[in-house]
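Here is the structure we will look at.
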Amino acid sequence: MFTDYFFPELGGIQDSIATTSRSLGMRGHRVDIYAPRYAPRDYQRIGAPVCEPDLGANVRVRRRPSLSFPSSTGQSRAALLSPIGWAGLTGREKPDVIHVHSFFGIGLEALLNGTFLRMPVIGTNHTTIAGFGPYIPVSVDRASAYVAWFYNRCDYVTAPSRSVLEELEAAGLCRPGEVVSNPIDTRLFRPVRADEHAALRASFGLSRPTITYAGRLGPEKNIEVLLHAAAALRDRGIIAELAIAGHGSHEPVLRTRAADLGLGQRVRFFGTLSPDELARLLRVSDTFAIMSTSETQSMVLLQAMASGVPVVAANVRALPEFVDPANGVLVDPHDPARLAQVLEDLLASADRRGQLGSAGRRSAQKYGVEIVTDAWEALYGSVLHRSKAA
């Protein structure tokens, strides 16, 4: 695995790589993860010790020197290319497959290794260039052309949603590919039990019906719309609070906007939560809302669904591939009045919340860790077989 996104930087890509690698290792596969070396302050930011995550005996993390670059997490780094290739691997056979998760930095090293060692390379694109258009220093067309060029150097291409593959194809991708979901831990993210509900809510200090958002606090996440919807609910006399979990460069802007709207205790910023803490918060949420315009799947959306929480999602990019009238509600991400109405209706009907939450749980189970690991095993085997036959 080659990735410019990994622990201690938090996000869906990082979670997906770690979870998949751990699961493959538990099945007896050996996985090396090549990732940037982070600074101690990046670990401190999330309250973690400066050490590698425990992903099991068959998974090891190999760090590359790296440079920081601006991002909404304030943690992002791009690994520097290493000239030694696989020479640094000792005590293990040469790998069978290279799997690259980023199209710059260490991703270029993955392509070079694939070429010189004649090994098959699978490329996964987790990013929608168009969704980040306003926040990148070059034109969307130029950036998309580069990304298509990169993945055209891979033997096979995957993405967590159909919309990402279609965007790549429109930019010139001509390699074979398919959708492979990110894995969701449906044991950790589960519905709340009646005997734990009150204690969990008290542990978070929640006293009103709760609308939750979790994820990176960046401008592309469109969180201001949630704040305006919360203000509209207040103006209608609806008792509710907005819980926001995560960190990012946009947090000061969001705090200022919440103050300007006079939301006071109706909005709570919980900061960065561990997976266990996030699972507990989702269990006791009355609904989950995400108005992001840059999602290629949204693991936290599926985690909320796995927790039996009704979801309200932006009707844009990948989100409609996972949310439908049976398991959630789609809304225009730029219409806070409509969002407020949908949230009001959901908060008023426990039966409706229960129906959507149960259907969401069933939908999310299709993306469980074991099912996704099965898909990766089959794909690695297929690509390796075609490579040996060529």
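This one's a predicted model, so the numbers in the text were calculated from it and none came from an experiment.
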ask   = Which of these, Val342, Asp324, Val312, Val323, sits in a side chain to side chain contact (heavy atoms under 4.5 Å, CB included) with Leu330?
value = Val323

task = State whether a side-chain donor-acceptor pair under 3.5 Å links His250 with Glu220.
result = no

key: Shortest non-hydrogen contact between Ser298 and Ile290, atoms and distance   = OG-CD1, 3.6 Å

task = May I ask you to check whether Ser382 and Arg386 show a side-chain donor-acceptor distance below 3.5 Å?
result = yes

inquiry  = Run the side chain to side chain contact (heavy atoms under 4.5 Å, CB included) test on Val311 and Thr287 for me, step by step, so that the C-alpha distance in whole Å, both residues' side-chain angles and the decisive distance to 0.1 Å come before the verdict.
reply    = CA-CA 6 Å; Val311 299; Thr287 187; 5.9 Å; no

query = Would you call Glu370-Arg27 a salt bridge at under 4.0 Å N-O?
reply = yes

task = Verify whether one side chain among Asn222 and Ser292 offers a donor that lies under 3.5 Å from an acceptor in the other.
result = no

inquiry  = Below 30° counts as parallel, above 60° as perpendicular, anything between as tilted: where do the rings of Phe288 and Tyr213 land?
reply    = parallel

query = Taking atom CZ of Phe103 and atom OG1 of Thr127, what is their separation to the nearest 0.5 Å?
reply = 4.5 Å

message = Please report the interatomic distance CG(Leu301) to CD1(Ile184), rounded to the nearest 0.5 Å.
response = 8.5 Å

ask   = Considering all heavy atoms of both residues, which atom of Phe6 and which atom of Ile33 are nearest to each other, and what is their separation?
value = CZ-CD1, 3.8 Å

task = Would you mind reporting whether Ile122 and Ile98 have side-chain heavy atoms less than 4.5 Å apart?
result = no

request  = Would you confirm whether Thr19, through its side chain, and Asp15, through its main-chain N or O, come within 3.5 Å as a donor-acceptor pair?
outcome  = yes

key: Ser285 side-chain N/O to Leu281 backbone N/O, donor-acceptor pair under 3.5 Å   = yes

query = Is there a donor in the side chain of Ser163 and an acceptor in the side chain of Ser161, or the other way round, less than 3.5 Å apart?
reply = yes

inquiry  = Test side chain to side chain contact (heavy atoms under 4.5 Å, CB included) on Val300 and Leu278; report intermediate values, then the result.
reply    = CA-CA 9 Å; Val300 71; Leu278 175 60; 4.2 Å; yes

request  = State yes or no: are the ring centers of Phe7 and Tyr38 separated by less than 6.0 Å?
outcome  = no

query = Under 6.0 Å between ring centres, would you say that holds for Tyr380 and His99?
reply = yes

Side-chain (Arg63) to main-chain (Ala35) donor-acceptor, under 3.5 angstrom = no

request  = Identify the two heavy atoms, one from Ala326 and one from Leu356, that lie closest to each other, and give their separation to 0.1 Å.
outcome  = O-CD2, 3.5 Å

ask   = Counting heavy atoms not belonging to Ile371, are there more than 12 under 6.0 Å from its CD1?
value = yes

message = When you compare the side chains of Gln297 and Ser181, does any donor N or O come within less than 3.5 Å of an acceptor on the partner?
response = yes

request  = Of all the heavy-atom pairs spanning Phe189 and Pro275, show the shortest one and how long it is.
outcome  = CZ-O, 4.1 Å

query = With no hydrogens and no angle check, is any side-chain donor or acceptor of Ser102 less than 3.5 Å from a backbone partner on Asp4?
reply = yes

ask   = Is Glu251 salt-bridged to Lys221, cutoff N-O under 4.0 Å?
value = no

request  = Check for a donor-acceptor pair, side chain of Asp335 on one end and backbone N or O of Asp332 on the other, with a separation under 3.5 Å.
outcome  = no

key: Evaluation steps, salt bridge (Lys or Arg N to Asp or Glu O under 4.0 Å), between Arg255 and Glu224   = CA-CA 10 Å; Arg255 286 183 176 275; Glu224 286 92 338; over 6 Å; no

inquiry  = If we ignore hydrogens and angles and just use 3.5 Å, is the side chain of Tyr151 paired with the main-chain N or O of Thr124 as donor and acceptor?
reply    = yes

message = Taking Arg62 first and then Asp32, would you say they form a salt bridge - that is, a charged N and a carboxylate O separated by under 4.0 Å?
response = no

query = Out of curiosity, Ser249 OG to Arg216 CZ, how far, rounded to the nearest 0.5 Å?
reply = 9.0 Å

message = If you count every heavy atom of other residues, nucleotides or ligands that lies below 6.0 Å from Asp276 atom CG, does the total exceed 12?
response = yes

request  = For Arg361 and Thr186, indicate whether the former's side chain and the latter's backbone hold a donor-acceptor pair under 3.5 Å.
outcome  = yes

CE-CG distance between Met305 and Asn327, expressed to the nearest 0.5 angstrom = 4.0 Å

message = Tell me if the CZ atom of Arg142 is crowded by more than 12 foreign heavy atoms within 6.0 Å.
response = no

inquiry  = Is there a side chain to side chain contact (heavy atoms under 4.5 Å, CB included) between Asn315 and Met291? Walk through the geometry before answering.
reply    = CA-CA 8 Å; Asn315 189 16; Met291 292 295 106; over 6 Å; no

key: Glu321 bridged to Arg317 by N-O distance under 4.0 Å   = no

key: Any donor-acceptor pair under 3.5 Å from Arg257 side chain to Ile223 backbone   = no

task = Find the distance between CD (Glu9) and CZ (Arg45) and round it off to the nearest 0.5 Å.
result = 10.0 Å

query = Transitively linked via ILVMFWY side-chain contacts under 4.5 Å: Trp376 with Phe2?
reply = yes

task = Please check if the side chain of Asn58 supplies one atom and the backbone of Met26 the other of a donor-acceptor pair under 3.5 Å.
result = no

task = Give the ring-plane orientation class for Tyr146 versus Phe150, where under 30° counts as parallel, over 60° as perpendicular and anything between as tilted.
result = tilted

query = Would Gln355 and Asp351 count as having a side-chain donor-acceptor pair, cut-off 3.5 Å?
reply = no

message = I'd like to know if Glu109 and Arg64 make a salt bridge, using a cut-off of under 4.0 Å between side-chain N and carboxylate O.
response = yes

ask   = Run the side chain to side chain contact (heavy atoms under 4.5 Å, CB included) check on His228 and Leu339 step by step: do they pass?
value = CA-CA 9 Å; His228 284 280; Leu339 174 60; over 6 Å; no

task = Could you check if a side-chain atom of Gln341 sits within less than 4.5 angstrom of a side-chain atom of Val331, using non-hydrogen atoms only?
result = no

query = Without hydrogens or angle criteria, can the side chains of Thr296 and Thr128 be said to hold a donor-acceptor pair below 3.5 Å?
reply = no

Interatomic spacing from NE2 in His29 to OG1 in Thr20 - rounded to 0.5 Å = 12.0 Å

query = For atom NE2 of His197, is the number of surrounding heavy atoms from other residues, nucleotides or ligands below 6.0 Å larger than 12?
reply = yes

note = Only one of Val267, Asp286, Leu233, Leu206 passes side chain to side chain contact (heavy atoms under 4.5 Å, CB included) with Glu241, and that residue is Leu206

note = Minimal heavy-atom distance between Ile239 and Arg266, with the atoms involved, is CA-NH1, 4.1 Å

key: Cationic tip of Arg175 above Tyr156 ring, under 6.0 Å, 45° of axis   = no

ask   = So, for Val225 and Pro333, which heavy atoms are closest and what is the spacing to 0.1 Å?
value = CG2-O, 3.2 Å

